[in-house]
Every structure is written in structure tokens, then in C-alpha cells.
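These notes concern the structure reproduced below.
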There are 2 protein chains.
Amino acid sequence: MLEKVLVAEDHQNSSKAVTKIIEELAIPLCHYVYYCDDAFTRLKNELNSGRPYDLLVTDISFIEDHRTQQLKSGVELIIAAREIQPQLKVIIFSGEDRTAKIQSYFKDLKVDGYVQKGRTDAIELEKAVEAVAKGQVYMPPGIREKINPSHSHQFTNYDVTVLSLLAEGKKLQEIPDLLVKLNISPSGKSSMEKRLNHIKTVLDFNKNEQLIAFCKDMGII
Amino acid sequence: MLEKVLVAEDHQNSSKAVTKIIEELAIPLCHYVYYCDDAFTRLKNELNSGRPYDLLVTDISFIEDHRTQQLKSGVELIIAAREIQPQLKVIIFSGEDRTAKIQSYFKDLKVDGYVQKGRTDAIELEKAVEAVAKGQVYMPPGIREKINPSHSHQFTNYDVTVLSLLAEGKKLQEIPDLLVKLNISPSGKSSMEKRLNHIKTVLDFNKNEQLIAFCKDMGII
DNA sequence: TAAAATTATACGGAAAACCGTAACAGCTAA
DNA sequence: TTAGCTGTTACGGTTTTCCGTATAATTTTA
């Protein structure tokens with residue numbers, strides 16, 4: 001059972017509402033903070049004093065203000081927190097709606113839940129907390145299907161690098177040199193072309209412009 | 001002075017907070033609704049009964065749910081509202097951070113204020129309401145400068161059309177035909193190329209991919 | 001360890017995009 | 001009216017991309 005929860009959320013309105021939901025779920029202790037650094041300090045202190053938090057509920061984007069922060073986003077906070085307390089449960093509470101981003105939170109950050117801010121966030125957050133309390137992973141409705149539809153392509157690191165270079169205005173023929181310098185393989189022009197062609201075939205695209213637009217929409221680059 | 005305010009916001013958390021701020025500004029009457037259609041009905045009814053609202057505070061994106069709506073976004077709501085009550089003051093309260101979008105709200109919708117959801121939204125919303133009460137226009141800090149930096153280009157309808165076609169994977173050489181069908185001028189390939197070149201020169205880009213990426217980031221297409 | 005399969009790269013012709021030049025139309029002002 | 005300006009379009013040469021094929025390198029498999 002979850003007994004001690006920390007909420008990191010800079011959105012004045014949301015944080016109180018989140019806390020209220022947590023309290024209604026009969027969780028004894030719930031604190032909230034506005035800054036990532038404060039969150040990390042708390043996690044560390046409570047861990048050291050032998051009474052660690054069970055769950056972290058955090059936003060992703062924290063608007064910058066006068067206070068300079070070490071940790072500038074929820075992603076950095078999660079990574080830092082998991083370093084000192086690997087078994088900490090994490091639920092992300094964010095407005096992000098780009099599938100690729102959400103997917104990467106589960107895949108790369110191994111978070112336990114994701115709730116998208118919106119009309120039904122209160123209900124969903126409740127479900128997410130309950131699921132996580134049972135040791136389950138909570139995904140928003142529809143995401144599981146979107147993550148692997150038939151016409152889809154798993155973008156690798158290599159793909160992202162090449163596409164980013166393209167989006168920066170690099171010519172196809174100068175990219176091989178850049179890849180060599182970055183120590184990325186395969187670096188040959190043909191291999192790169194082949195890869196790009198493969199992606200475009202799978203997604204049924206015919207031009208690089210279209211692919212770039214798609215990646216921007218999905219948040220891949 | 002503002003005496004009667006309507007808040008349209010589907011975000012359970014925010015709407016109450018917004019209402020609270022409005023009430024603290026000593027505005028006698030403040031109602032809130034979760035759906036665009038409800039907002040429009042209220043505006044219409046109160047207008048007909050001779051006690052119209054002075055100010056509408058609305059979000060842009062309303063998440064869809066089981067209730068089918070005529071008006072699906074804040075933009076549609078604002079247009080519909082201004083049709084029946086042209087002098088209605090409008091403040092947008094949204095998470096949108098893409099400069100081009102915010103710019104178009106002021107330019108095309110002629111809204112009186114924009115407040116971005118974030119850490120300081122409560123303070124900003126207060127300022128915005130006060131400014132609008134005095135008949136002023138409230139823009140978020142920094143936007144005025146971003147709207148017209150030296151290396152900037154005012155994208156026209158024509159530009160957006162051509163760039164959208166490009167982003168859809170259309171070949172440069174098939175676009176002239178499409179433009180003719182859409183009855184858009186100039187439709188010649190040369191004119192189009194010239195225009196694209198001009199944009200790329202101004203923005204210091206060298207490839208269409210780069211331009212598409214930029215437009216996606218700015219929310220232009 | 002050799003054969004087979006997969007992956008990386010090189011090459012070259014075809015297609016498309018890029019870019020400068022020039023012709024043409026419409027408009028303005030002396 | 002005519003010279004000048006602006007905007008549209010056509011044309012053609014150069015560069016870049018696209019794409020199929022062939023060869024080389026690497027990994028897998030028997």
C-alpha cells in the first residue's frame with residue numbers, strides 16, 4: 001500500500017487538486033512542492049532518514065522563473081530520483097499528448113503511470129494511483145493501441161539523428177561525413193538512403209518533407 | 001467596469017481557480033461552464049434577456065468526450081460569440097505556447113488578452129482581467145517581441161497552403177496543378193519557387209525540410 | 001570453417017529540385 | 001504615350017536527390 005506521496009507540480013491550480021485526490025484515497029501522507037529541486041531534496045532527505053516516499057507524482061514541464069534550478073524538467077527529476085531510490089513508483093501528470101513522448105516515458109523512464117491533463121484527469125489520476133498501489137502500470141486509454149499500430153515504425157536513435165540533421169537543413173550528401181565525426185554507424189550515404197526509404201515505405205510516405213512533418217507532430221524530433 | 005463574466009474551461013482543476021480569481025477582483029457575477037456549447041447558449045440567453053456578459057474567459061482545446069458538441073474548440077466559440085455580440089471582451093486561457101498560434105489569436109480573432117497556463121498564470125490572469133477592464137489588450141510577457149524579430153517572415157495564407165502541400169508529400173512540380181484547382185494564385189512553379197526561396201533567405205534556411213520543421217515548431221502548419 | 005544470409009557501401013543513370021535569366025503582362029507616374 | 005516598376009511565368013543548365021544494381025564486409029548458421 002502507498003503511504004507517503006510526493007507531488008511535484010508548478011501549476012498552482014493543479015497541485016492542490018492533485019493533493020486533494022491523493023488524500024481522498026486514504027493515503028496518510030501527501031506533500032507537494034513547486035520545483036524539481038525541492039522535490040529531489042525532499043526525496044533524498046526522507047530516504048536518508050529511513051522514511052522514504054512510496055510514490056512521486058510529477059509534471060513534465062516546469063516553467064522557468066527567477067529561481068535557477070538544477071533539475072529543469074520532470075524527466076530529469078525522475079532520472080535523479082530513480083538513481084537514489086530505484087524502486088520509487090512514479091506517475092507522470094502532464095499535458096503532453098504526443099504519442100511518441102508518452103511512449104518513451106514508459107519505455108525509457110519506466111514510469112508506472114501516465115495521466116494526461118484534461119477533462120477527466122481527476123478520475124484518471126485516481127485510477128492510476130490505485131493501479132500503481134497494486135503494483136500495476138497505468139496507461140491512458142487508447143495509448144496502448146496507438147503505440148503499435150500496423151503502419152508504424154520504431155524509430156531508432158540512428159533514425160532520430162539522421163532526421164534531426166535533415167531538419168537542421170543538412171544536405172543528404174554531407175550527412176555521411178557528419179556521421180563519421182559523430183562516430184555513428186552506418187555512415188555510408190547508401191545505407192542512410194536505404195534506411196530513409198525503408199521508413200518512408202513502411203509509413204507510406206513519399207518525401208522527406210512529409211517524414212519530417214510527421215516526426216515533428218509525433219514529437220520524435 | 002466588468003460586471004458579468006463567463007468562464008469556459010473543461011479542466012476541472014483550472015475552472016474553479018479561475019473563478020476564484022475573478023471573484024477576488026470584486027466582479028459581482030461569474031459563471032463557469034465545461035462545454036463550448038453551454039457557453040454559447042448562456043451568452044445567447046443572457047444577451048437576449050438584456051443582461052449580456054462583459055467578458056468571456058475561455059480555454060482553446062476542449063477534450064472530446066461522450067457529449068457531442070457543435071462548437072469543438074475555444075476558437076469556434078469565440079467566433080460564434082462575436083457574431084452575436086461583437087463587443088464582447090475575450091481572454092484566452094490556454095496552455096498553447098507556439099508563438100504563431102498566439103499571434104493569430106490577436107491578429108485574426110482580435111481577442112483582448114492571452115494568458116498561458118503555467119507557474120504564474122494566476123498572477124497573469126489577474127493582470128489580464130484588470131487590463132481588459134480598462135479597455136486595454138493584455139499580451140503575455142515576451143510575446144510582443146517574439147512576434148516581430150528582425151529575422152522573421154510573415155507567413156501568408158498562400159505560404160501556408162504551399163507548405164502544407166509540401167508537408168503532405170506533394171512534389172513541387174505537381175503543386176502548380178493543385179493550386180490551379182484550388183483557384184489560388186500565383187500558381188506557376190517559378191512563382192512558388194521564388195516565394196519559397198525568399199522565405200528561406202529571410203530565415204536563413206537552405207532546405208525545405210528545415211522550413212517544414214520550423215513551421216511545425218511554430219505551429220504555422 | 002565454409003557457405004549462406006544479412007548488412008554496409010559504391011556506382012551510375014533517371015528524376016526532381018534548385019537557381020539564374022529572360023520574356024510578358026499589368027500598373028503607375030511623368 | 002512611354003518609360004519604369006512589379007509580379008507572374010517559361011526555359012534551361014546545374015546540383016541534388018532518388019533508386020536500382022553490383023560489390024564488399026560482417027554476421028549467422030550448419
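Naming: A, B, ... by sequence-line order, numbering from 1 per chain.
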Distance-only donor-acceptor hits, side chain of residues 176-187 of chain A, under 3.5 Å, sequence neighbours excluded:
none

Donor-acceptor list for residues 106-115 of chain B side chains, cut-off 3.5 Å, not counting sequence neighbours:
unit_1	atom_1	unit_2	atom_2	d
B:Lys110	NZ	B:Lys107	O	3.0
B:Asp112	OD2	B:Arg82	NH2	3.2
B:Asp112	OD2	B:Val90	N	2.8
B:Tyr114	OH	B:Ser94	O	3.4
B:Tyr114	OH	B:Glu96	N	3.4
B:Tyr114	OH	B:Glu96	O	2.7

Close residues, residues 185-196 of chain A, relative to DNA chain C [heavy-atom separation under 4.0 Å]: A:Pro186, A:Ser187, A:Gly188, A:Ser190, A:Ser191

All ring-ring contact (aromatic ring centres under 6.0 Å, His included) counterparts of B:Tyr158, not counting sequence neighbours: none

Qualifying residues under side chain to side chain donor-acceptor pair (under 3.5 Å), relative to B:Ser190, sequence neighbours excluded: none

Covered region of DNA chain C, 5' end to 3' end, by chain B [heavy atoms, under 4.0 Å]: C:dA16 to C:dC19

Any residue of residues 163-184 of chain B with a heavy atom less than 4.0 Å from an atom of DNA chain C: B:Lys171, B:Leu172, B:Gln173

Residues A:Lys134 and A:Glu130 bridged, charged N to O under 4.0 Å: no

Residues forming a side-chain contact (heavy atoms from CB on, under 4.5 Å) with A:Pro86, sequence neighbours excluded: none

pair B:Arg42-B:Asp38: side-chain heavy atoms closer than 4.5 Å: no

Contacts of type ring-ring contact (aromatic ring centres under 6.0 Å, His included), residue B:Tyr53, not counting sequence neighbours: B:His31

All ring-ring contact (aromatic ring centres under 6.0 Å, His included) counterparts of A:Tyr35, not counting sequence neighbours: none

side-chain contact (heavy atoms from CB on, under 4.5 Å) partners of A:Gln70, counting only residues at least two apart: A:Asp37

A:Glu126 side chain to A:Ile123 backbone, donor-acceptor under 3.5 Å: no

5' to 3' contact window, DNA chain D with chain B (heavy-atom distance under 4.0 Å): D:dT8 to D:dT17

Sidechain N-carboxylate O distance under 4.0 Å for B:Asp159, B:Arg195: yes

